[in-house]
Amino acid sequence: MKNSPEFQVRRDIYRRILLSVFIGVVATALGLSFGYPTTLTPEKDYRTFSGIARDGWIENGATISLPRLFSRGNRMALDIGKWRPAGQPPAELSFLLCGKEIARHIIVEDKTVELFLTGDCQPRVVEMRVLNPFIASPTDQRELGAQLRKVELSSRLGPPLITPDYIFAVAPFVLVLMLLTIGLVPISYSLPSVLAVATCAGWLIATTHIAPTAKLFYPWIVVVTSLFGMHVAKGYRGKEEEVAENCSATSLLALAIILGVGGYLRFVNLDFGLPMNYHPDEVPKVNAIMRMYATGTLNPQYFLHPTLLLYSAYGMNTLLHGMSIFDGEFQSTLVLAGRLVSASAGFLSIFLVYKIGKLLFSIREGLFAAALLAVFPLHVTCSRYLKEDSLLTFFVLLSFLFTALAYKQKKPGWLILSGLFAGCASSVKYSGLLAAGIPCLGAMCVERRWIPKSASTYRYLAAALILVPIAFVVCSPYVVLDSPKFIKDFTVEQNHMSKGHYFAITPWSQYWTYHIERSLFNGITSPPFFLTFLAIGFIAWRQYLPGLMILSLIFAFYFPAEYVKAKPAPQPERYILPCLPFIALAISSFFSRIVPGRLTFLFLSVIVLLSPALRSFQLHSELVPDTRLQMARWMEENLPQRAKVYIDHKRYSPELSEERFEITYAPRAAIHKDLDLELLTGEGQEYLLLSSLWYDRYFSQPRTDEAVKKKIEYILEH
């Protein structure tokens, strides 16, 4: 019956859903329009322009590509300067839209050229033809017209109008967010929440020049999964109880198995790739240690990183030579000794995660977290290089262990050791200074207050914070004793972090999810990946203090890694390595609460562990034989005698016989300089050998040198 209460309720629900959908679509459209960039410059928005360099000069045939704009109602104003070299007539420019000429102007003075962007092509492409170009110089053969200062976009309604098909493509993503948000807020706030979520989502999408839908997947999945985790927490009826347990024989056996698997993956075949160079960053470490060895001092004359890893590798190599485990020249075993330091730190980190999980939660949560870290592919990989990240993560965990002890035992004295090991972390890598926040976190948690009241807590915290720089200097003394070199190298590293490695990848260009997509998803594999964000949402909603401690450290080490612009290859994934132990603890805490029964927990835990374990064992199986040896063998079997081979990088290429092949190496200073098909064929080169480092740098990153990429593609195609 239409007048029955049930019918009225259903009708109200349907009306609310339809109204929410309508508001969501409208808000998405508004967000996309208001977020679309309205002012573009060649210097800052160079990817929008083709044939217009950062200096603003318009080449003949230059284009401006404007994706996702509606076919009617939009307009563009180009601010163009009149200056040309002496003797050149004013520039005459023809403007084409979708292949049809829409305007022609002679630039006799600085002027603003207004164009109406009416057309059906997608993306909207404005082409500029210079009817009277001049050649810039003998070394710069561009055919130039005039200088473009900026482009401004607008419509009759104000902001640019977005094509409806893109609005409806984005709207389903936004509507899912809205529905999840509505379920978490009081009913009286549901419609304002819908409007706010949809508008903000559309605005964020448009601020990065209207991202393709595929680019939205990872930001969307992070938010949706976290919101779903909040819904799980909202319906959770369990209690956060303190658990006091004693280790059983079964628990000790499980721990032994976990440590055995973790140790096997980290220590077996640790000499892979040797004696050839493998990781680019291992070479400067060896050079720095050998300078200390040659001079008989502890001054590495290298401060792009602090020196605790160098001293650890130096000490490990000296110890193993003294015990006659290593023989031969000191330098020949140095990389392996340094890798042993990293592998040992990675192995001990598994045990520390178990201890922290047992202390904060329960034995089974500690075991599950340790098992996750033992088989996470990214942690396994980073434990096999002479690099700082594994040792850094070990000291971060050691510092947090004493903070956890201070919290559980209500004894702030433990914060002193937390500060000491935080200082050691900062002496491994400068980003380890973030660990100074760990004893601060401990002080807050001991008294469960943002600002502790107890004078004793303040004293212990002050002592802990004083120990941070003291430990840093003790473990890296020559930052003070050789301060001019330290300041020089530290400035270089600081500039590297702010400007990027060849190219800067900003956090906003990837929605702060570069490492989520490229480091975390592959570094822990898909089942733990989705559980991570379910756990984050669950813990954030439940707000139990041990879980919040874990979350704070995930965020503390993730967001700085995302903020710095030095992300491209080689191996940018290692920057988030300190997050992995705390991700494992968060997953374990969440999983233990929602999975009832020991047998069910055990069964589902094995399923979750299966994916990262298989991936780690697969990668481990590929360590030997080295792919460079495989390539050298293949070339010897398949290429003709005295074949001419052009190779990109001598340091990381296969060792080929110069009697068997005629080899030419690319110049180090400008490695892509000779990557020209005509030039290579003119020199008689028959084969081109490029390393995977090149593929990672130019073909798998969101921002790269397009000119080099096109050179490589052209050679491979022809």
Worksheet item: Going by distance alone, is a donor N or O of one side chain under 3.5 Å from an acceptor N or O of the other, for Q618 and R615?
Response: yes

Worksheet item: Taking the side chain from N60 and the backbone from V130, do they hold a donor-acceptor pair closer than 3.5 Å?
Response: yes

Practice prompt. For T393 and D389, indicate whether the former's side chain and the latter's backbone hold a donor-acceptor pair under 3.5 Å.
Written response: yes

Discussion item. Donor-acceptor pair, distance only, cut-off 3.5 Å: does the side chain of R291 make one with the backbone of L298?
Written reply: no

Fill in: Counterpart residues, ring pair (Phe, Tyr, Trp, His ring centres under 6.0 Å), relative to H515 (two or more places apart)
none

Worksheet entry | Side-chain touch Y385/D281, heavy atoms, less than 4.5 angstrom | no

Item to complete: Check for a donor-acceptor pair, side chain of R660 on one end and backbone N or O of P640 on the other, with a separation under 3.5 Å.
Response: yes

Discussion item. Other residues, nucleotides and ligands only: do more than 12 of their heavy atoms fall within 6.0 Å of CD on Q641?
Written reply: yes

Worksheet item: Should we count CG of N638 as having more than 12 external heavy atoms under 6.0 Å?
Response: yes

Worksheet entry | Any donor-acceptor N/O pair, R54 side chain to P42 backbone, under 3.5 Å | no

Worksheet item: Got a sec: does the NZ of K150 have more than 12 other heavy atoms crowding it under 6.0 Å?
Response: no

Item to complete: Measure from the side-chain N and O atoms of E562 to the backbone N and O of Y514, and report whether any donor-acceptor pair falls under 3.5 Å.
Response: yes

Worksheet item: Is the side chain of T297 donor-acceptor paired with the backbone N or O of N299 at a distance under 3.5 Å, no angle test?
Response: yes

Worksheet item: Do F490 and F303 have ring centroids that are under 6.0 Å from one another?
Response: no

Worksheet item: Can the ring centres of F330 and H321 be said to be less than 6.0 Å apart?
Response: yes

Worksheet entry | Sidechain-backbone polar pair: N132 side chain, E92 backbone, donor-acceptor under 3.5 Å | yes

Worksheet item: Any chance the rings of Y575 and Y558 have centres within less than 6.0 Å?
Response: no

Worksheet item: Is the CD atom of Q331 crowded by more than 12 outside heavy atoms at less than 6.0 Å?
Response: no

Worksheet entry | Polar side-chain atom of R84 near backbone of P89 as donor-acceptor pair, under 3.5 Å | yes

Worksheet item: Centroid-to-centroid, F134 to W57, below 6.0 Å?
Response: yes

Worksheet item: Any cation-pi pair here, R339 with F272, using under 6.0 Å and within 45°?
Response: yes

Worksheet entry | Which atom of S342 lies closest to which atom of S390, heavy atoms considered | O-OG, 2.8 Å

Worksheet item: Hey, is the main chain of K644 close enough, under 3.5 Å, to the side chain of E686 for a donor-acceptor pair?
Response: yes

